[in-house]
Amino acid sequence: MTQLPTHTEKKLGLVIDLDTCVGCHACVVSCKGWNTENYGAPLSDQDPYGADPTGTFLNRVHSYEVQPNQGVAQLIHFPKSCLHCDDAPCVTVCPTGASYKRVEDGIVLVNESDCIGCGLCAWACPYGAREMDSDQGVMKKCTLCVDRIYNENLPEEDRQPACVRTCPSNARHFGDLADSESDVSKLVAERGGIDLMPEQGTKPVNKYLPPRPKDTWDQIDILAPLLDPVAEEPKGFLGWLDKTLEKL
Amino acid sequence: MHPAPSIILFTVLSGLGFGLLFWLGLGFPPVTGFSAFAFFTIAYLLAIGGLISSTFHLGNPQRALKAFTQWQTSWLSREAWLSVFALTFMGLYAIGAVFFATRIAPLGWIGSALALATVYATSMIYGQLKTVPRWNQPTTPALFLMLSLAGGALLAGQVTYALILITLSGVLQGAVWYLGDTRFAKSGTTMETATGLGTIGKVTAFEPPHTGNNYLLKEMVHVVGRKHSQKLRIIAITLMAILPIILLLLPFSHTLGALAALSHLAGVLTSRWLFFAEAEHVIGLYYGKREST
């Protein structure tokens with residue numbers, strides 16, 4: 001059913017640390033690897049070795065330059081996948097009931113055997129979290145690795161989303177955001193985790209931890225006085241060169 | 001947004017067909033027999049042709065019937081139901097008019113109301129999307145309904161109504177463009193809210209996630225043709241409203257009436273192409289590809 005549940009028992013989701021993400025794209029590769037071999041239709045590529053390669057991905061890493069009012073610009077890597085919104089607009093627009101949000105854990109999924117590939121859910125999502133697979137004509141999205149997190153055939157340390165398991169800089173965290181005592185909830189509280197596009201009213205479950213404030217310049221100022229120019233006006237050869245070049 | 005020809009044809013043709021059905025259901029013109037057959041055939045060809053065209057953009061059209069299940073939340077599903085109801089009621093009304101020379105007026109009234117409701121549901125598929133600020137306003141259903149009524153009146157030969165409605169739809173179209181141009185900026189969604197990095201400073205896209213193209217960019221970050229949008233707006237309004245009004249004000253002849261209808265159709269097709277091509281989805285912000293940033 002495309003009616004959203006009024007309440008979900010858990011809110012499983014990701015917390016992504018924009019401070020520690022190094023932009024290596026390992027999460028993108030592990031996501032594609034796991035999800036092309038497991039749940040649902042494979043994530044196909046078109047013309048993968050040709051002039052115009054495209055393909056279906058459930059997780060993509062953008063990079064942004066942010067220029068503060070004072071100081072130097074910062075480069076921030078920004079992984080983005082489905083945010084498993086509480087008020088998911090992608091679910092309610094679905095005409096067939098293929099899109100749904102699970103009551104037990106809040107994961108937003110697509111039942112591919114019901115999907116007609118109309119693409120309206122991708123239009124309704126402000127985050128670009130859904131991509132139509134052009135080989136199978138069905139909508140693909142992050143499943144939060146639903147086939148890993150409950151999978152008792154896997155060792156316990158592997159029962160988390162592939163992107164989280166693989167992240168070498170510990171920038172991705174998985175847990176229940178409805179439980180205020182969970183590690184992820186504590187992390188969000190401590191670091192001031194934020195919602196993306198809150199004005200869209202989607203109430204995303206996934207949170208982003210903003211980069212920690214950078215050191216300010218005056219903290220490295222101990223040796224700075226020694227680095228001041230000794231002479232403001234050049235003398236000797238440089239002085240002659242300066243004057244000669246001025247005259248030209 | 002990507003202006004897919006199948007969707008443009010679907011919305012324009014079915015809008016026109018249901019518009020014609022609206023007028024026929026109310027008895028404008030009060031046709032029976034062979035002329036009723038001709039009118040209803042045109043209306044059904046347009047309405048059903050449009051609906052069939054809409055299935056061409058589906059990834060799995062063989063499962064299209066499942067789209068009837070989620071009418072409680074989905075405008076697409078509601079549109080499917082309403083179109084079937086409208087076509088059924090109008091079909092019964094048409095059988096009476098064509099074969100028994102009797103117009104069962106209440107059937108026609110219900111059919112007319114359902115025909116308009118179908119057009120409203122179509123428009124709300126787009127109007128409901130908060131992610132496309134240009135569409136997310138009451139003028140979207142208003143313009144779809146107005147164009148459907150105007151085009152329907154033109155096809156039904158209701159010259160006076162057609163003149164009034166075409167004039168109104170031309171004015172409304174102008175207002176829609178004027179209001180639409182500032183909608184994205186007014187939505188409050190920016191690269192800063194999209195990334196949550198606005199507390200640090202001004203955000204610019206440094207590097208996209210991949211060097212190639214992808215589904216999101218092709219479908220929702222379509223920018224081709226925007227540079228000609230002003231010229232296309234003039235062409236659209238001329239063909240859609242100005243030319244048909246002049247042709248209808250001239251002494252009536254069937255040739256001029258047909259020309260007015262064709263001109264109106266071409267204008268509405270152009271306007272609908274712009275409706276998609278000019279619509280900016282907020283996803284473009286993540287790629288640094290929105291003009292308003």
Side-chain angles (χ1 to χ4, degrees), chain A residues 1-3 18 25 28 52-57 60-69 73-76 78 80 89 91-98 114-120 122-128 131-134 136-139 194-201 208 210-211, chain B residues 1 55 57-64 66-80 125-126 128-132 187-189 191 193-216 218-220 281-283 285-288:
Chain A
M1 280 300 286
T2 54
Q3 274 169 316
L18 297 177
H25 292 239
V28 178
D52 186 21
T54 57
T56 314
F57 286 79
R60 296 184 185 263
V61 180
H62 296 253
S63 297
Y64 297 106
E65 184 184 273
V66 186
Q67 178 62 60
N69 281 335
Q74 299 176 24
L75 182 60
I76 292 157
F78 194 93
K80 185 163 57 62
V91 171
T92 51
V93 298
C94 176
T96 68
D114 276 357
C115 176
I116 55 172
C118 69
L120 191 55
W123 287 14
C125 171
Y127 307 109
E131 298 189 17
M132 180 103 77
D133 187 83
S134 49
Q136 294 288 310
V138 292
M139 198 53 73
I194 51 152
D195 290 345
L196 303 186
M197 291 186 184
E199 71 284 352
Q200 286 276 333
Y208 281 76
Chain B
M1 306 295 286
T55 63
H57 90 291
L58 297 181
N60 283 286
Q62 77 281 9
R63 299 199 274 258
K66 291 190 175 181
F68 283 95
T69 60
Q70 303 302 314
W71 54 272
Q72 284 170 297
T73 65
S74 170
W75 280 107
L76 194 61
S77 194
R78 287 170 197 164
E79 186 212 24
I125 293 172
Y126 310 104
Q128 69 177 331
L129 295 173
K130 277 189 86 169
T131 49
V132 185
S187 75
T189 299
M191 279 190 81
T193 69
T195 59
L197 298 170
T199 47
I200 303 174
K202 179 76 192 152
V203 183
T204 45
F206 182 77
E207 199 174 40
H210 42 82
T211 51
N213 210 339
N214 71 14
Y215 168 75
L216 301 168
K218 279 185 266 187
E219 184 76 5
M220 285 168 272
H281 194 287
V282 294
I283 171 70
L285 291 168
Y286 285 108
Y287 289 86

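Values reported hereafter were calculated over all heavy atoms of this structure, with side chains retained and with hydrogens, waters and symmetry mates removed.
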CG-OH distance between A/Asp133 and B/Tyr215, expressed to the nearest 0.5 angstrom = 11.0 Å
The interface call for B/Ala194 against chain A, heavy-atom contacts under 4.5 Å, is both
Using non-hydrogen atoms only, which part of B/Leu58 is less than 4.5 Å away from chain A: side chain, backbone, both, or neither?
-> both
Answer yes or no: is there a side-chain heavy-atom contact under 4.5 Å between B/Thr195 and A/Ile76?
-> no
What distance do B/Lys202 atom NZ and A/Asn69 atom CG have between them, rounded to the nearest 0.5 Å?
-> 11.5 Å
Could you label the plane-to-plane angle of the A/His62 and B/Tyr287 rings as parallel, tilted or perpendicular, counting under 30° as parallel and over 60° as perpendicular?
-> perpendicular
Chain B: which of A/Pro95, A/Cys125, A/Gly117 shares the most heavy-atom pairs with it under 4.5 Å?
-> A/Pro95
Set of side-chain contact (heavy atoms from CB on, under 4.5 Å) partners for A/Pro68, sequence neighbours left out = A/Gln74, B/Ile200
CH2/B/Trp75 to OG1/A/Thr92 distance, rounded to the nearest 0.5 angstrom?
-> 12.0 Å
Name the member of A/Gly119, A/Cys94, A/Pro210 that forms the most heavy-atom pairs with chain B at distances under 4.5 Å.
-> A/Cys94
Evaluate side-chain contact (heavy atoms from CB on, under 4.5 Å) for B/Asn214 paired with A/Phe57, printing each intermediate quantity in order.
-> CA-CA 9 Å; B/Asn214 71 14; A/Phe57 286 79; over 6 Å; no
Any donor-acceptor N/O pair, A/Thr54 side chain to B/Asn213 backbone, under 3.5 Å = no
So, the part of A/Phe78 with a heavy atom under 4.5 Å from chain B: the answer is side chain
So which of B/Val282, B/Ile125, B/Val132 has the biggest tally of heavy-atom pairs under 4.5 Å with chain A?
-> B/Val282
Between A/Val66 and B/Val203, is any pair of side-chain heavy atoms under 4.5 Å apart?
-> yes
When you look at B/His210 and A/Val28, which way does the side-chain contact (heavy atoms from CB on, under 4.5 Å) test go after all the steps?
-> CA-CA 11 Å; B/His210 42 82; A/Val28 178; over 6 Å; no
Whatever's closer than 4.5 Å to a heavy atom in chain A on B/Ser187 counts as backbone
Short question: side chain of B/Thr69, backbone of A/Thr96 - any donor-acceptor pair under 3.5 Å?
-> yes
Going by heavy atoms in the side chains, are A/Pro126 and B/Leu285 under 4.5 Å from each other?
-> no
Find the distance between CD (B/Glu219) and CD (A/Glu131) and round it off to the nearest 0.5 Å.
-> 11.5 Å
Side chain / backbone / both / neither for A/Pro53 at chain B, heavy atoms under 4.5 Å | backbone
Do the non-hydrogen side-chain atoms of B/Thr131 and A/Met197 ever get within less than 4.5 Å of each other?
-> no
In short, A/Ile116 meets B/Ala67 closest at the heavy-atom pair CD1-CB, 4.2 Å
Taking every non-hydrogen atom, the tightest pair across A/Arg60 and B/Pro209 | CB-CB, 3.7 Å
Would you check if B/Leu76 and A/Cys118 make a side-chain contact, meaning some heavy-atom pair closer than 4.5 Å?
-> yes
Taking B/Arg78, B/Lys130, B/Lys218 one by one, which has the highest count of heavy-atom pairs under 4.5 Å against chain A?
-> B/Lys130
Sequence neighbours left out, what passes side-chain contact (heavy atoms from CB on, under 4.5 Å) with B/Asn60? Give chain and number order.
-> A/Val138, B/Gln62, B/Arg63
Does A/Gln200 reach the side chain of B/Thr189, with side-chain heavy atoms less than 4.5 Å apart?
-> yes
Examine whether an atom of B/His57 lies under 4.5 Å from a heavy atom of chain A, and if so say whether it belongs to the side chain, the backbone or both; otherwise answer neither.
-> both
Is there a donor-acceptor contact under 3.5 Å linking the side chains of B/Thr73 and A/Gln3?
-> no
Between A/Gly55, A/Cys115, A/Pro89, A/Ser134, which residue shows the highest count of heavy-atom pairs closer than 4.5 Å to chain B?
-> A/Cys115
Check A/Tyr64 against B/Tyr286 and note the closest heavy-atom contact, atom names and distance.
-> OH-O, 2.6 Å
Nearest atoms (heavy-atom pairs only) where B/Ser74 meets A/Val93 = OG-O, 2.7 Å
